[in-house]
Amino acid sequence: MSSNAKTLSATASNPKPAAFNQVRFLRNCFTGYVVLFFIYLAAPLIAAGAFAFNDSMFPALPWQGFTLDWFFSDTEPKLGMFHDRRLLSGLSISFWVALTVAIMSIVVGTCNAFLFERMDFPFKSFCYIMMVIPLVIPGVILGISILVFASDIANGMEDNWGIDIESLRPGLLLVILGQFSFVTTITTLVIAARLKKFDIQLEEAALNLGASRARILRTVTLPFLKPALIGAGVVGFLISFENFNTTLMLVGSDAPLTITMYDRMAKVGSTPVLNAVSFFLMIGSGLLALLSVFVQRDKN
Amino acid sequence: MNHAQKRLAFLLLFAPFFLWILLLIVLPHIGVFILSVKEKVGMGVYEYGLGNYIEFFNEPVYWNTLLRTAVMSIFVTIVTLIIGFPIAYYIAKIARQRAKAGLFLLCLIPLWVSDLVRSFGWIVLLRETGIVSSFLQYIGIVSGPVEFLYNDATVVVGLVYTVMLFMIVPLVTTLDGMDDSLIEAGFNLGGSRLTVLRRIIIPYAMPGIISGCIVVFMLTAGSYLTPILLGGKNSQWFTEQIYEQFITRFNWESGAAFGVLLLIFTSITVWIGLRLSGQTLSSTVAKT
């Protein structure tokens, strides 16, 4: 029996039909509310995606018929996203930035997970709080703090030694560092949660059988962590790819996709090519999400 | 492992953590703080002082913006809680086992989609030439195009949408752990629905409510994209003020002071929340 049926029978202890109708009415209201809520969740996503296929110059009604021009057309004014050089360059910059951030944050996140799950050291709980803090600092603040710090170093170098370090000025290195600074907290939490479930006796058994520490790590512990590593990588990649607030403060002349899209949205009257990009992003992140769910379920 | 090896392993694991936190979090924030207490007195000449903060309190536009951001963020948090609680209850207690997992995944979908795409979706729906306006004209409720963007209500709708899931996840987790017999007992003892909700369910869900509220509040107060895109020039969000000082006016000193103020303000609010609920930061954030 579902929990609701139990509550129901408990409420209607003397089964008067009127009371029963009232319960049913309330229950239908509740279901209706839940349905409305999911429409609310879906509405903007559908609106952003559907108009990618509208054969019109504006992402608006009326519906002018189905087209794939906003993806594949190679002529102005209906330039499709796969022929729009700025959007494509944004896409590839975002891809490389996200890949770098994901790899860096997996490596550091794994070290952190071992540090907090396996080691005991003074000020451990303080360090744990420090590890969590990047997640609660607003992205804009993370952005300006790294911007200020990098400029301080760059200016100091230039004033004292006359060395101009171009990469410490706003640009991709700072974007990567800015995103890495908080994505690492997320990967650490994901990997540590998995490491916590690891049975330490497995390692001890391998040790007794004469395996070296490095070999145990490679053949026992890391394979156990693999689903979490992949899951953390996917999450890190997506968060980096979609990040806007921190990136905005640190971006130089090479703009990632979110910045390019934002510029189009804010300044130029947008054409449905932005809907096409939105659709593409939704499908891409949907597939990645499925991948991570699949990988993590496989091992359970 | 002998002692020396253990020490080496610890150092190797500690080094990346230490460098990450020191170079990307601690030193940059100290840098911002130092910058915020610098005042420009001439070309390339700086003096330490609280001038930037005094300027903030002397200029009503600035502190009004912070106040407005605070009030709106608290409002968004309350609305998110009121809308999200029944949904979380439905997922945790009413939906059947299979539907439960599905509904929960559906709630997570917006998380996987970029903030930018979500806001763009709202723009397509709500702008003057948007879907809602066209639809209302089509069915004859209004005679001309209606602009739904660029007002506070829309900003609230968009923000609630963005942060909803961070409220639902902790609520579902907490409510899931609640024994149904508690609710039954409440009814058997003659409690009305409202009494059971008020005296049994809500007190039980309190840890989830607090952690949801804290995360939602932090995300809202620090958000940038949604208020800018949906609120336009009227949004007057504090993060926008920071951006303007830094990038548009190139007045880094006062931008840094604003940043410090936002950080202090959100930290105090979160600290009060944690104090009132007797929870710790790590348990709260790690849950979501």
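Below, all heavy atoms of this structure are taken into account, side chains as well, without hydrogens, waters or symmetry copies. Letters A, B, ... are given to chains in the order of the sequence lines, protein chains preceding strands, and every chain is numbered from 1.
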Cut-off 4.5 Å, heavy atoms of chain B, and the answer for A:F241 is neither

Nearest heavy-atom approach of B:V117 to A:A48 is O-CB, 4.1 Å

Open item on the list: Walk me through whether A:I144 and B:I242 qualify under side-chain contact (heavy atoms from CB on, under 4.5 Å).
Closed with: CA-CA 9 Å; A:I144 59 166; B:I242 296 176; 4.0 Å; yes

Whatever's closer than 4.5 Å to a heavy atom in chain A on B:L225 counts as both

Taking every heavy atom of B:L262 against every heavy atom of A:P138, the minimum-distance pair comes out as CD2-CG, 4.3 Å

Rounding to 0.5 Å, atoms CG (A:L147) and CD1 (B:I247) come to a distance of 6.0 Å

Whatever's closer than 4.5 Å to a heavy atom in chain B on A:F244 counts as side chain

> Are B:H29 and A:F149 close enough that some pair of their side-chain heavy atoms sits under 4.5 Å apart?
Replying inline: no

- prompt: Is there a side-chain contact between A:C127 and B:F17, using heavy atoms and a 4.5 Å cut-off?
  reply: yes

Closest non-hydrogen contact found for B:L24 with A:L177 is CD1-O, 3.8 Å

On a heavy-atom basis, the closest approach of A:V140 and B:Y224 is CG2-CB, 4.0 Å

ask   = Hey, is the main chain of B:V157 close enough, under 3.5 Å, to the side chain of A:Y40 for a donor-acceptor pair?
value = yes

Ranked by heavy-atom pairs below 4.5 Å to chain A, first place among B:G158, B:G31, B:G222 goes to B:G222

So, the part of A:I239 with a heavy atom under 4.5 Å from chain B: the answer is neither

When the 4.5 angstrom heavy-atom criterion is applied to A:A150 and chain B, the contacting part is neither

Heaviest contributor of heavy-atom pairs below 4.5 Å to chain A, chosen from B:F18, B:F33, B:W252, B:Y138, is B:W252

One should read off an interatomic distance between B:L23 CG and A:I153 CD1, to the nearest 0.5 angstrom, of 7.5 Å

> Where the side chain of B:W20 meets the backbone of A:S181, is there a donor-acceptor pair that is under 3.5 Å apart?
Replying inline: yes

So, the part of A:L238 with a heavy atom under 4.5 Å from chain B: the answer is side chain

Chain B shares the most heavy-atom pairs under 4.5 Å, among A:S278, A:G143, A:G286, with A:S278

inquiry  = Measuring only between side-chain heavy atoms, which start at C-beta, is A:P44 closer than 4.5 Å to B:R118?
reply    = no

Heavy-atom nearest pair, B:V124 first then A:A47, reads CG1-O, 4.0 Å

| task | May I ask you to decide if A:M249's main-chain N or O and B:Y243's side chain share a donor-acceptor pair within less than 3.5 Å? | result | no

ask   = Can you tell if the side chain of A:M265 reaches within under 4.5 Å of the side chain of B:L229, non-hydrogen atoms only?
value = yes

The interface call for B:I21 against chain A, heavy-atom contacts under 4.5 Å, is side chain

If one checks every heavy atom of A:S151 against chain B at 4.5 Å, the contacting part turns out to be side chain

Heaviest contributor of heavy-atom pairs below 4.5 Å to chain B, chosen from A:S285, A:G109, A:G284, is A:S285

Rounding to 0.5 Å, atoms OG (B:S223) and CG (A:N245) come to a distance of 7.5 Å

Answer yes if the ring centres of B:Y90 and A:F37 are under 6.0 angstrom apart, and no otherwise.
no

To the nearest 0.5 Å, atom CZ of B:F120 lies from atom CZ of A:F51 at 10.0 Å

TODO: Could you check if a side-chain atom of A:T258 sits within less than 4.5 angstrom of a side-chain atom of B:D115, using non-hydrogen atoms only?
DONE: no

One should read off an interatomic distance between B:T266 OG1 and A:I141 CD1, to the nearest 0.5 angstrom, of 7.0 Å

So, the part of B:L22 with a heavy atom under 4.5 Å from chain A: the answer is neither

When the 4.5 angstrom heavy-atom criterion is applied to B:L103 and chain A, the contacting part is both

Original post:
Relative to each other, are the rings of B:Y89 and A:F30 parallel, tilted or perpendicular (30° and 60° limits)?
Top reply: parallel

Tightest non-hydrogen contact, residues A:S145 and B:P28, listed as O-CB, 3.4 Å

Whatever's closer than 4.5 Å to a heavy atom in chain B on A:L281 counts as side chain

Chain B shares the most heavy-atom pairs under 4.5 Å, among A:V108, A:L41, A:L26, with A:L41

Interatomic distance, CG@A:L142 vs CD1@B:I25, rounded to 0.5 Å, equals 5.0 Å

